[in-house]
Amino acid sequence: MTRARILVTSFLFVVAAYMLLPIWWLVVSASKSSADLFSTNPLWFSGLNLGDNLARVMSQDGGLFPRWMLNTLLYAGGGAFGAMLLAAMAGYALAKYPFRGRNLLFGVIMAAVLLPLPLLTIPIYLLESRTGLINTAWGMLLPSMVSPFGVYLARAYAQVAVPDELLDAGRVDGAGETRLFFTVGLRLMAPAMVTLFLFQFVAIWNNFFLPMMLLNDQELWPLTLGLVRWHGIRTGFLRDAVVTGALLSLIPVVLAFLSLQRFWKADLAAGSIK
């Protein structure tokens with residue numbers, strides 16, 4: 001048993017080191033000047049230029065980076081919240097309300113899960129070009145609020161976590177269906193919805209292809225598009241700014257995970273019908 005435990009611990013340590021090594025490299029590189037970035041040890045510090053790098057990132061191109069950060073927070077936060085709420089509604093309805101064609105509708109949603117997202121970018125572009133949403137914030141938000149996987153997750157979780165007896169008790173007490181969903185169903189589905197929010201938040205935060213197709217105005221760009229522009233057009237001049245900007249772009253994602261992990265609780269409905 002001790003030998004097996006040592007082997008498992010060693011394996012997990014190697015996996016953790018493999019996953020954390022790029023983050024360590026990013027932290028170290030963000031503290032270096034552009035000249036030291038490739039001429040010194042890539043995994044250890046060589047001069048502390050983090051303050052100068054931060055100042056350059058914030059002032060580059062007239063201070064576009066803070067605007068890109070706010071745009072990304074809007075797209076990721078708003079899109080993830082909208083996807084979470086719509087998926088919760090759809091999954092709850094598919095799980096708790098029998099109606100004709102329910103299984104067929106769920107089958108269509110499951111088929112949509114199998115579609116790769118880049119495949120939908122051209123249809124989204126054509127649709128938004130006809131509705132005047134190209135180069136607008138709504139053009140980014142609306143597609144981000146659709147999550148077939150979120151509907152599947154919400155349905156599966158609602159079937160287990162939301163007891164029918166609890167809903168029936170609420171109806172006997174005079175609660176309407178809307179009130180039951182927001183006060184009972186949504187609260188019991190909270191762990192799954194937080195998981196969906198984080199998945200969707202990270203997916204939108206890292207999305208590059210969709211904003212590249214839809215946004216022309218630099219002031220509407222997210223961080224992914226802005227950092228790629230800095231890297232591609234003037235690599236020799238902006239290496240330090242790109243690396244420091246990439247480090248800053250990790251902070252909101254890490255904070256989102258740390259602040260929402262307390263909602264991941266098992267057996268939230270335990271004892272609710274006892």
Side-chain angles (χ1 to χ4, degrees), residues 75-131 133 138-168 177-178 180-214 224 253 256-257 260-261 263-269 272:
Y75 301 150
F81 181 81
M84 178 190 69
L85 186 59
L86 292 176
M89 291 179 176
Y92 177 86
L94 288 169
K96 296 302 174 182
Y97 298 118
F99 55 89
R100 182 177 299 177
R102 180 175 66 170
N103 293 332
L104 177 61
L105 178 60
F106 183 67
V108 173
I109 294 173
M110 289 301 298
V113 174
L114 302 177
L115 290 175
L117 293 179
L119 188 65
L120 302 176
T121 303
I122 299 300
I124 290 174
Y125 176 83
L126 295 175
L127 179 62
E128 293 196 1
S129 65
R130 289 180 175 270
T131 55
L133 292 176
W138 282 110
M140 276 294 299
L141 283 170
L142 292 178
S144 302
M145 294 181 182
V146 179
S147 176
F149 171 76
V151 176
Y152 162 75
L153 180 64
R155 177 184 180 270
Y157 200 86
Q159 287 178 328
V160 177
V162 184
D164 292 332
E165 296 84 352
L166 192 61
L167 298 178
D168 291 338
E177 298 301 324
T178 302
L180 281 175
F181 170 72
F182 283 103
T183 59
V184 178
L186 193 59
R187 293 187 179 183
L188 295 177
M189 295 165 63
M193 293 302 96
V194 170
T195 302
L196 172 60
F197 178 89
L198 289 175
F199 282 170
Q200 194 73 0
F201 184 90
V202 174
I204 300 171
W205 191 274
N206 294 328
N207 196 350
F208 173 77
F209 193 43
L210 185 64
M212 183 186 69
M213 294 288 293
L214 300 180
T224 52
V253 178
F257 272 94
L260 294 177
Q261 65 178 354
F263 291 99
W264 290 339
K265 299 176 182 177
D267 298 328
L268 193 62
S272 60

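Numbers here are sequence positions counted from 1. Not measured: the values here are computed from a predicted model.
Summarising the local packing, CZ of Phe106 is surrounded by more than 12 heavy atoms from other residues, nucleotides or ligands at distances under 6.0 Å.
A 4.5 Å side-chain heavy-atom check between Leu85 and Phe197 finds every atom pair outside the cut-off. Contact check for Ile122 versus Met213: side-chain heavy atoms found under the 4.5 Å cut-off.
Summarising the geometry, atom CE belonging to Met110 is positioned 9.0 Å from atom CZ belonging to Phe149; distances are rounded to the nearest 0.5 Å. A distance of 12.5 Å separates CG in Leu186 from CG in Leu180, rounded to the nearest 0.5 Å. Tyr92 contributes atom OH, which lies 9.5 Å from atom CG of Leu188 (distance to the nearest 0.5 angstrom).
For the side-chain contact (heavy atoms from CB on, under 4.5 Å) with Pro148, the qualifying choice from Leu153, Leu114, Val113 is Val113, the only one to do so.
Side-chain N or O atoms of Thr224 include none that pairs as donor or acceptor with a backbone N or O of Asn206 at under 3.5 Å. Side chain of Arg102 to main chain of Leu94: a donor-acceptor pair is present (N/O by atom type, distance under 3.5 Å, no hydrogens or angles).
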CA sep, side-chain torsions, deciding dist, call: Val202, Phe257, side chain to side chain contact (heavy atoms under 4.5 Å, CB included): CA-CA 10 Å; Val202 174; Phe257 272 94; 3.7 Å; yes
Worked check of ring pair (Phe, Tyr, Trp, His ring centres under 6.0 Å) between Phe81 and Phe201: CA-CA 8 Å; Phe81 181 81; Phe201 184 90; over 10 Å; no
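By the side chain to side chain donor-acceptor pair (under 3.5 Å) test, Gln159 is found to be paired with no residue, residues two or more places apart in sequence or in another chain being considered.
The two residues Thr195 and Pro191 make their nearest non-hydrogen contact at OG1-O, 2.9 Å.
Listed by first and then second residue, the salt bridge (Lys or Arg N to Asp or Glu O under 4.0 Å) pairs that reach into residues 79-96 are Lys96-Asp164, sequence neighbours excluded.
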